[in-house]
A.B. asks: 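Right, I'll just put the structure down here and ask away after.
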Amino acid sequence: FSADSGVSLLIDIRNGEIISLNNFPDFNPNRVNLSNTNGRFNRALQANYEMGSTFKPITVAMGIDENIINKEMLFDVSKPINSIHDYHPFIGSLSVKDIVVKSSNIGAAKIAQKIGKKKQIEFFKKIGFFEKVNIQIKEAAPPLGNKHNWGELETMTIGFGHGFAVTPLHIAIAYASIVNEGRRVKPTILLDDNNTSSDVLVKKETSEFILQLLKAVVTETEYTGPRVRIEGYEIGGKTGTAELINNLGQYQKDANLTSFIAVFPISKPQYLVLTIIENPKKIKEENYNITGASVNAPLVKNIILRMIEI
């Protein structure tokens, strides 16, 4: 895809160990004099991105855990709301599950609207979206978050991952904690670091529901699922696609940030794999699609296949 940059993270959900962290472009630490600033930039810990649809399960977890929404609720997504529309328009209403599985921006926005700004901020503070990640790598950066207007419209767009920026490690740890029976995962680069936490971020029932949604994204979708499924392995995950912002603060129509977060095995989560690709270019082999499903899902599948070989 001739992308500008990429990030991958592999985390052991059970103890927070970062098994693998990769950035591209990179540099040879033995030849630092031949490197440049772009190659030395640790995007996994320092780059802030609007993550797109990977925020939708977080929004649902927030609403379910606060008893603001329930699994049986339906949301009308047939018409745009406040200029928010869906990539593929839907007719009628969608369940909470289908808002995530079918990735409805309108549905996620309506859930976020019900949650409201106050609860949204409280939940983001709880999962660490307002402070830098506590890890042994001191170059870790704080999230940009939303430093400007945060009204009702922003609350809604943040519900589907636009208008709030975090680092890749932030969203990886948030997912790891939510699927870890709701218990906080503390990241570490040390082996056998006795790093478990008893701090509960969401209820166990919320965690189990989010795992069901992530599994359904892989088992029930026609486009994403086949690109990441591996026979005999229980994989769940969520795609993300967001337009990149230029130096003038404007969204670029044909420049995307694409991502996929995978969790496996879903029945007893052990590993989380995150890939983020910045500005992939359109290619004929993928029908000129530059989405998380077309760019990142096959990449995550290849990473998991390599893990299986090891």
Side-chain angles (χ1 to χ4, degrees), residues 1-3 6-11 13 20 22 51-58 60 77 86-91 94-105 107-108 160-161 168 171-172 175 179 208-242 254 256-310:
F1 292 93
S2 302
V7 171
S8 68
L9 276 165
L10 170 59
I11 297 174
I13 294 168
S20 176
N22 294 283
M51 293 292 180
S53 294
T54 50
F55 259 49
K56 289 171 183 168
I58 295 174
V60 169
V77 297
D86 284 326
Y87 186 71
H88 296 293
F90 301 102
I91 298 173
L94 292 178
S95 65
V96 173
K97 173 188 171 184
D98 282 340
I99 286 170
V100 171
V101 174
K102 299 180 185 296
S103 209
S104 169
N105 293 339
F160 57 89
I171 195 162
Y175 263 71
V179 303
E208 291 170 347
F209 181 57
I210 297 302
L211 282 167
Q212 291 173 21
L213 302 189
L214 299 180
K215 180 180 179 181
V217 169
V218 174
T219 59
E220 298 180 19
T221 54
E222 295 181 9
Y223 195 77
T224 302
R227 283 167 166 71
V228 73
R229 282 184 215 135
I230 301 172
E231 187 175 352
Y233 288 83
E234 301 175 302
I235 300 170
K238 185 70 189 82
T239 56
T241 306
D254 288 320
N256 288 349
L257 182 87
T258 63
S259 59
F260 191 88
I261 300 180
V263 173
F264 74 101
I266 280 292
S267 58
K268 193 176 176 64
Q270 295 183 33
Y271 301 107
L272 179 144
V273 181
L274 165 64
T275 65
I276 293 177
I277 303 297
E278 185 177 359
N279 197 19
K281 310 305 185 295
K282 295 179 179 180
I283 60 174
K284 184 178 180 181
E285 292 84 349
E286 283 292 340
N287 295 317
Y288 305 103
N289 289 317
I290 45 173
T291 64
S294 58
V295 177
N296 299 71
L299 174 58
V300 167
K301 179 178 181 178
N302 287 336
I303 291 171
I304 295 174
L305 285 171
R306 291 293 302 274
M307 293 173 65
I308 293 168
E309 291 175 5
I310 295 171

A.B. asks: Rounded to the nearest 0.5 Å, how far does CG of Leu272 lie from CZ of Phe264?
C.D. replies: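 It is 9.5 Å, given to the nearest 0.5 Å.
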
A.B. asks: Which heavy atom of Pro57 sits nearest to which heavy atom of Ile210, and what is that distance?
C.D. replies: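 Reported closest heavy-atom pair: O-CD1, 3.5 Å.
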
A.B. asks: OG/Ser267 to NZ/Lys215 distance, rounded to the nearest 0.5 angstrom?
C.D. replies: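 Output value for this atom pair is 7.5 Å.
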
A.B. asks: Do you know the tightest heavy-atom contact between Phe55 and Phe160?
C.D. replies: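 Phe55 and Phe160 have their closest heavy atoms at CB-C, 4.1 Å.
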
A.B. asks: Under a 4.5 Å cut-off applied to non-hydrogen side-chain atoms, are Asp98 and Phe90 in contact?
C.D. replies: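 Counting from C-beta outward, Asp98 and Phe90 never come under 4.5 Å.
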
A.B. asks: What's the separation between atom CD1 in Ile261 and atom CD1 in Ile58, rounded to the nearest 0.5 Å?
C.D. replies: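 Reported to 0.5 Å precision, the distance equals 7.0 Å.
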
A.B. asks: Using modelled atom types and a 3.5 Å cut-off, is there a donor and acceptor pairing between side-chain atoms of Tyr175 and backbone atoms of Thr54?
C.D. replies: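 Yes, Tyr175 side chain to Thr54 backbone: donor-acceptor pair under 3.5 Å.
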
A.B. asks: I need the minimum non-hydrogen distance between Pro280 and Ile290, along with the two atoms involved.
C.D. replies: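 It is O-CG2, 3.4 Å.
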
A.B. asks: Donor-acceptor pair, Asn105 side chain versus Asp86 backbone, under 3.5 Å?
C.D. replies: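 A pair under 3.5 Å: no.
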
A.B. asks: If I compare all heavy atoms of Ile277 with all of Gly6, which pair ends up nearest, and what's the gap?
C.D. replies: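 Taking every non-hydrogen atom into account, CD1-CA, 4.1 Å.
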
A.B. asks: Between Lys281 and Asn279, is there a donor-acceptor pair closer than 3.5 Å when you use the side chain of the first and the backbone of the second?
C.D. replies: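 Checked: pair present.
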
A.B. asks: Check Leu9 against Ala172 and note the closest heavy-atom contact, atom names and distance.
C.D. replies: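 Reported closest heavy-atom pair: CD1-CB, 4.1 Å.
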
A.B. asks: To the closest 0.5 Å, what do you measure between CD1 (Ile303) and CG (Asn22)?
C.D. replies: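 Rounded to the nearest 0.5 Å, the CD1-CG separation comes out at 8.0 Å.
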
A.B. asks: Within the supplied structure, the quantity of interest is the number of heavy atoms (other residues, nucleotides, ligands) at a distance under 6.0 Å from Tyr87 OH; does it exceed 12?
C.D. replies: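 No.
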
A.B. asks: Assess whether atom CZ of Phe1 is packed by more than 12 heavy atoms of other residues, nucleotides or ligands within 6.0 Å.
C.D. replies: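 Above 12, so yes.
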
A.B. asks: Take atom CD1 of Ile91 as the centre, draw a 6.0 Å sphere, and report whether it contains more than 12 heavy atoms from other residues, nucleotides or ligands.
C.D. replies: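 At most 12 heavy atoms, drawn from other residues, nucleotides or ligands, come within 6.0 Å of this atom.
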
A.B. asks: From the options Leu299, Val218, Val217, select the one residue that forms a side chain to side chain contact (heavy atoms under 4.5 Å, CB included) with Val228.
C.D. replies: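 Among Leu299, Val218, Val217, the one meeting side chain to side chain contact (heavy atoms under 4.5 Å, CB included) with Val228 is Val218.
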
A.B. asks: Does a donor on one side chain sit under 3.5 Å from an acceptor on the other, for Thr224 and Thr239?
C.D. replies: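 Thr239 and Thr224 do not have a side-chain donor-acceptor pair below 3.5 Å.
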
A.B. asks: Rounded to the nearest 0.5 Å, what separation is found between the OH atom of Tyr271 and the CD1 atom of Ile11?
C.D. replies: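 Here the rounded value is 13.0 Å.
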
A.B. asks: Are the side chains of Ser103 and Lys238 in contact, using a 4.5 Å heavy-atom criterion?
C.D. replies: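 Of all side-chain heavy-atom pairs linking Ser103 with Lys238, at least one is under 4.5 Å.
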
A.B. asks: Ser104 and Lys56: side-chain donor and acceptor closer than 3.5 Å?
C.D. replies: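 No, no side-chain donor-acceptor pair sits under 3.5 Å.
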
A.B. asks: What's the separation between atom CD1 in Ile13 and atom CD in Gln270, rounded to the nearest 0.5 Å?
C.D. replies: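 Ile13 atom CD1 to Gln270 atom CD measures 8.5 Å (nearest 0.5 Å).
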
A.B. asks: Where do Ala293 and Tyr223 come nearest, in terms of heavy atoms and distance?
C.D. replies: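 Smallest interatomic distance, heavy atoms only, reads CB-CD2, 3.4 Å.
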
A.B. asks: Going by side chain to side chain contact (heavy atoms under 4.5 Å, CB included), Ile235 matches just one of Val300, Ile230, Ile266. Which one?
C.D. replies: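 Exactly one candidate clears the test, Ile230.
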
A.B. asks: Mind checking what makes side-chain contact (heavy atoms from CB on, under 4.5 Å) contact with Thr241, not counting sequence neighbours?
C.D. replies: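 side-chain contact (heavy atoms from CB on, under 4.5 Å) check on Thr241 returns Asn256, Thr258, Thr291.
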
A.B. asks: Which pairs pass salt bridge (charged side-chain N to carboxylate O under 4.0 Å, His left out) with one or both residues in residues 294-308, sequence neighbours excluded?
C.D. replies: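 The answer is Arg306-Glu309.
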
A.B. asks: Going by atom types alone, do Ser259 and Asn296 pair a side-chain donor with an acceptor below 3.5 Å?
C.D. replies: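 No donor-acceptor contact under 3.5 Å links the two side chains.
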
